[in-house]
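The next block holds one structure in the form of structure tokens; read it before the comments.
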Amino acid sequence: MTYLFSIRASIAWFPILALLFTVPFLIVQYHKYGSVNLLRAVILYSFIFYLLTIYFLVILPLPKKSDVTYNPNCIKLIPFRFILDFLKESPFVWNNPSTYLKAIASPSFYTVIFNFFMTIPYGMYLRYYFKCNLKQTIKYSFFLSLFFELTQLSGLYGIYPYPYRVFDVDDLIINTLGGIIGYY
């Protein structure tokens, strides 16, 4: 349900963000091309909506300040730890196919998959709209993921006294991989 809450929040905030973006966009487009290409505008606004939605998926729901306490385990720097977590936390047994469906429904699986799918459109936008090459796509996908992880680590830029989510190097890897797959 928190995913739907985040999507609803982005739908509510998008018109405000679009209004702030429209005048500069129109000026640049008219100055550069002599007119405004409607298809280009729709694609760019869909990109803005997409970025707003994934940002809200990362930061929402916001906890109460009083609920956020110091967590010494808020930074996970061991790469590919998600594989061990999946094997430990899910009912998956490799030689028992009846556990596969239950394993897919476990949070240790769908959190990783959602992180992967979250940045696939980003790689597509970078390649087809912004004309980025693979190296640039890898770099920008990594920096987008790093931005999200640092946002979580900073306690939402100091609003919270401590991080309310975990900084995980696996998220950097998985989100960057999603951007690469989107590029292809």
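- Between atom CG of residue L172 and atom CG of residue L77 there is a gap of 9.5 Å, rounded to the nearest 0.5 Å.
- Atoms CG and CE, from L144 and M118 in turn, are 7.0 Å apart once rounded to the nearest 0.5 Å.
- For the pair Y184 (side chain) and M124 (backbone), a donor-acceptor distance under 3.5 Å is absent.
- Not a single donor-acceptor pair under 3.5 Å links the side chain of Q29 to the backbone N or O of L26.
- Looking at every heavy atom in both residues, G178 comes nearest to T119 through CA-OG1, 3.4 Å.
- For the atom pair CG (L62) and CZ (R165), the distance works out to 8.0 Å, reported to the nearest 0.5 Å.
- Minimum heavy-atom separation, L52 to S10: CD2-O, 3.5 Å.
- With hydrogens and angles disregarded, no donor-acceptor distance shorter than 3.5 Å links the side chain of Y183 to the backbone of L126.
- Between F92 and F109, the distance separating the two ring centers is not shorter than 6.0 angstrom.
- Side-chain N or O atoms of D170 include one that pairs as donor or acceptor with a backbone N or O of F82 at under 3.5 Å.
- Taking the side chain as every heavy atom from C-beta outward, V112 and F86 never approach each other to under 4.5 Å.
- Nearest heavy atom pair, residue N175 against residue S141, reads O-CB, 4.5 Å.
- Listed for the S154 side chain is a donor-acceptor partner under 3.5 Å among the backbone atoms of T151.
- A donor-acceptor contact shorter than 3.5 Å links the side chain of S6 to the backbone of F56.
- Under a 3.5 Å cut-off, the side chain of Y164 and the backbone N or O of I59 do form a donor-acceptor pair.
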